[in-house]
Amino acid sequence: MNKDFYKNLLDNNKKWVLDSLNTDPNFFKKLANGQQPPVLWIGCADSRVPANEIIGAQPGEVFVHRNIANMVVHTDMNMLSVLDYAVNVLKVKHVIVCGHYGCGGVAAAMGNQHIGLIDNWIRHIKDVYRFHNDELDTIKDEKERFDRFVELNVMEQVLDLAKTSIVQSAWKKNQELSIHGWVYGIDSGIIKDLGANFSCDKDLSEVYQLDIKQ
Ligand code: CO
């Protein structure tokens, strides 16, 4: 990457517009009519995990929320607003939590370094470590433990999505909505489906099942 990368950004944009119009003269006209993406993507802010590109999706196909370590924090108004709009207005059929191996946020959560304000965000990931202490502490190889922690963190965020009133209300209304947990390999480009898929609240601990009247 050259050091004047910034200077090229607007030129790159012009080239992209021309390329897009070459492929489809109505490309932008169609997008201007509105969006109906079938998927909400909750991913890590990491620059190496661009949502659309790695799943071959076009503009208009994926509604995206990204933060450090793809967290679903139930007091995060930003995440909740994105989720609410995606589920109740856009009526997405799938929510994908996509983590990635080598995640800096997850690595920070395994250590004890004090970084700054971000410590408070990382704390949520440390809680996931504590939930799975027994399994993680038996893994002696640090890389293996790191990889497993990344996977467990994604699965925990999938559960946290299922616990939200937004998702549970949709399920109560029999709205078609599945939640999936994936992990992306930065060194391979391959996505692993963790199989942590939910389409109803029956697998949630009873204490989280909200009594939502229709
Ligand atoms: Co990350």
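Between K202 and W171 there is no side-chain heavy-atom pair separated by less than 4.5 Å. Looking at R148 and H132, their side chains never come closer than 4.5 Å, going by heavy atoms from C-beta outward. When side chains are defined from C-beta on, I139 does not count as touching F146, because their heavy atoms never get closer than 4.5 Å. With contacts defined as side-chain heavy-atom distances shorter than 4.5 Å, the pair L159/F198 qualifies. Two residues are said to be in side-chain contact when any heavy atoms from C-beta on lie closer than 4.5 Å; V64 and N52 meet this criterion. Side-chain contact between V87 and Q175 is present, with at least one heavy-atom pair separated by less than 4.5 Å. Between P37 and L90 there is a side-chain heavy-atom pair separated by less than 4.5 Å. Counting heavy atoms from C-beta on, the side chains of V73 and M79 never come closer than 4.5 Å.
Of the N and O atoms on the side chains of N88 and D84, at least one donor lies less than 3.5 Å from an acceptor on the other residue.
Listed by first then second residue, pairs satisfying salt bridge (Lys or Arg N to Asp or Glu O under 4.0 Å) with a partner in residues 113-131 read R123-D127, not counting sequence neighbours.
By the 4.0 Å N-to-carboxylate-O rule, K143 lies close enough to D147 to be salt-bridged with it.
Counting only distance, with no hydrogens or angles, the side chain of Q168 and the backbone of Y208 share a donor-acceptor pair below 3.5 Å.
Taking Ile, Leu, Val, Met, Phe, Trp and Tyr as members and joining any whose side-chain heavy atoms lie under 4.5 Å apart, directly or through other members, the hydrophobic cluster of I212 also contains L210.
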